[in-house]
Structure formats: C-alpha cells, structure tokens
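Scope of the values below: all heavy atoms of this structure, side chains included, with no hydrogens, waters or symmetry mates.
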Amino acid sequence: LRAQLTDPYLRACFAFLTSPPKETQFAAVLGEQGMSISDRVAFACRFLSDAQLGRFVEGEVAAACLAGGGGGGGGASCLDGVLLTGLTPAGADLLEHYVNLTGDVQTAGLLMAHVVPRKFNDRRVLCWIGAYRDLLDAWQMWHERALFDVGRRRFDSVNRVQQQVHVRCNFCNQS
C-alpha cells in the first residue's frame with residue numbers, strides 16, 4: 001500500500017505509523033528523498049539518539065552533492081547541504097560544487113559574503129563575489145552594485161573605513 005502513495009509525506013507518515021514499535025532506525029522515513037532535508041532533519045532530531053543523529057547528519061552532508069541526494073540532486077541538494085554545514089569552509093565546499101553545476105555565482109557570493117573575510121578567508125568566495133560584482137556591472141545595475149558593496153562593507157570588520165565626516169553644531173561647536 002505504501003508504494004502506491006504518490007505524496008512523499010504520506011509515504012513517510014504511513015511508514016512511521018506502521019513500523020514495529022521496537023524499530024529505532026526509522027530508515028523508511030529518513031530515507032524518503034521526496035521530503036525536504038529540513039523535514040528529515042527535524043524528524044531525526046525528534047526520534048534519533050544523539051549518536052544516530054550525528055551519523056545521519058554526516059551521511060546527509062556527504063550525500064548532499066551526489067546525484068539524487070538531498071531531494072532532487074544536483075544544485076538544489078548542494079543548497080540543502082548548506083542547511084547542515086552552515087556558512088563554514090565545509091559549506092563553501094558545497095557551494096563550490098553548486099557553482100560548478102549551475103554557474104550561479106550570485107547565490108554563492110551573497111551567502112558567503114556574510115562570513116568571508118570576517119570569520120575565515122577563502123579565495124573561491126572572493127572570486128565568486130568578484131564575478132557577481134562584474135555581472136552587476138555588465139548588466140548596468142550600478143545602484144545594486146553600490147548597495148551590495150556598502151552592505152558587504154558592514155560585515156567586513158577587517159577593512160572597515162574610518163569615519164571621514166564629522167557633524168558639529170555651528171552655534172555651540174559640539175559634535
């Protein structure tokens with residue numbers, strides 16, 4: 001009966017409700033690739049032990065960019081994997097695979113601009129950001145490029161420009 005269901009969430013519910021009470025692996029639910037990774041991780045957080053949860057997350061990160069992994073494979077699974085790795089060097093590896101598959105430097109650059117170079121340095125990310133800036137210039141989107149540069153400067157505590165304009169009252173000479 002489970003194989004006849006077309007909705008992945010119904011299949012997962014059916015598998016959960018009909019599994020024997022002693023079964024602690026929940027493999028049918030966690031292996032339901034039609035469900036989003038966030039829903040599978042939420043289920044794993046609720047029903048798996050800490051050790052099982054760690055193994056599950058490690059397996060999902062490893063499978064994130066393989067064909068068919070993460071609920072659809074390809075580029076979308078790489079972005080799903082960032083949910084598990086965060087904006088870390090491991091997340092940059094997933095995004096590199098995503099950029100190689102899709103050529104989407106905008107998504108990768110915008111995501112990683114929040115942490116590079118403030119948290120860690122990565123030359124790949126700087127290349128994505130440069131390519132995105134060049135892309136905005138090619139599209140003649142100078143206002144958006146300026147907003148991007150100003151917004152990115154807020155996250156960059158290393159190269160912060162010192163205040164160059166000071167406001168003061170002409171009457172009392174206080175700033």
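Listed by chain and residue number, nothing satisfies the side-chain contact (heavy atoms from CB on, under 4.5 Å) test with C127 (two or more places apart in sequence, or in another chain). By the side-chain contact (heavy atoms from CB on, under 4.5 Å) test, A51 is found to be paired with S49, R55, residues two or more places apart in sequence or in another chain being considered. Listed by chain and number, the residues in a side-chain contact (heavy atoms from CB on, under 4.5 Å) with A90 are T85, T88 (sequence neighbours excluded). Residues satisfying the side-chain hydrogen bond (donor to acceptor under 3.5 Å, both in side chains) test with R168, not counting sequence neighbours, are N173. When the side-chain contact (heavy atoms from CB on, under 4.5 Å) test is applied to N121, the partners found at least two apart in sequence or on another chain are P117.
Of all the heavy atoms in V29 and A15, the pair that sits closest is CG2-CB, 4.3 Å. Across every non-hydrogen atom of D122 and A92, the tightest pair is OD2-CB, 3.7 Å. Taking each heavy atom of L84 and V57 in turn, the nearest pair found is CD1-O, 4.3 Å. Looking at every heavy atom in both residues, G81 comes nearest to L94 through C-CD1, 3.4 Å. In terms of heavy atoms, H114 sits closest to L110 at CD2-O, 3.2 Å. Residues L95 and L79 approach most closely at CD2-CD2, 3.7 Å, considering heavy atoms.
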Report task. Test side chain to side chain contact (heavy atoms under 4.5 Å, CB included) on D80 and S36 and set out the steps. Result -> CA-CA 8 Å; D80 290 342; S36 71; over 6 Å; no
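The ring pair (Phe, Tyr, Trp, His ring centres under 6.0 Å) test with F43 is passed by exactly one of F26, F56, Y9: F26. No option in R153, R152, R145 other than R145 meets the side-chain hydrogen bond (donor to acceptor under 3.5 Å, both in side chains) test with D149. None of V82, D93, T107, V105 except one satisfies the side chain to side chain contact (heavy atoms under 4.5 Å, CB included) rule with Y98; the exception is T107.
Contact check for V41 versus E60: no side-chain heavy atoms found under the 4.5 Å cut-off. Residues L83 and S38 have side chains in contact (heavy-atom distance under 4.5 Å, counting atoms from C-beta outward).
Here L147 contributes atom CG and M141 contributes atom CE; the two are 10.0 Å apart, rounded to the nearest 0.5 Å. To the nearest 0.5 Å, atoms OG1 (T6) and CD (Q4) are separated by 10.5 Å. Rounded to the nearest 0.5 Å, atoms SG (C13) and CD (E32) are 10.0 Å apart. Separation of atoms CG (L30) and CD (Q52) is listed at 9.0 Å; rounding is to 0.5 Å.
For residues 119-151, every residue pair satisfying the ring-ring contact (aromatic ring centres under 6.0 Å, His included) rule, not counting sequence neighbours, is listed here: Y132-F148.
Hydrophobic clustering (side-chain heavy atoms under 4.5 Å, transitive across Ile, Leu, Val, Met, Phe, Trp, Tyr) groups M112 together with L135.
Judged by distance alone, the side chain of R40 and the main-chain N or O of G31 form no donor-acceptor pair under 3.5 Å.
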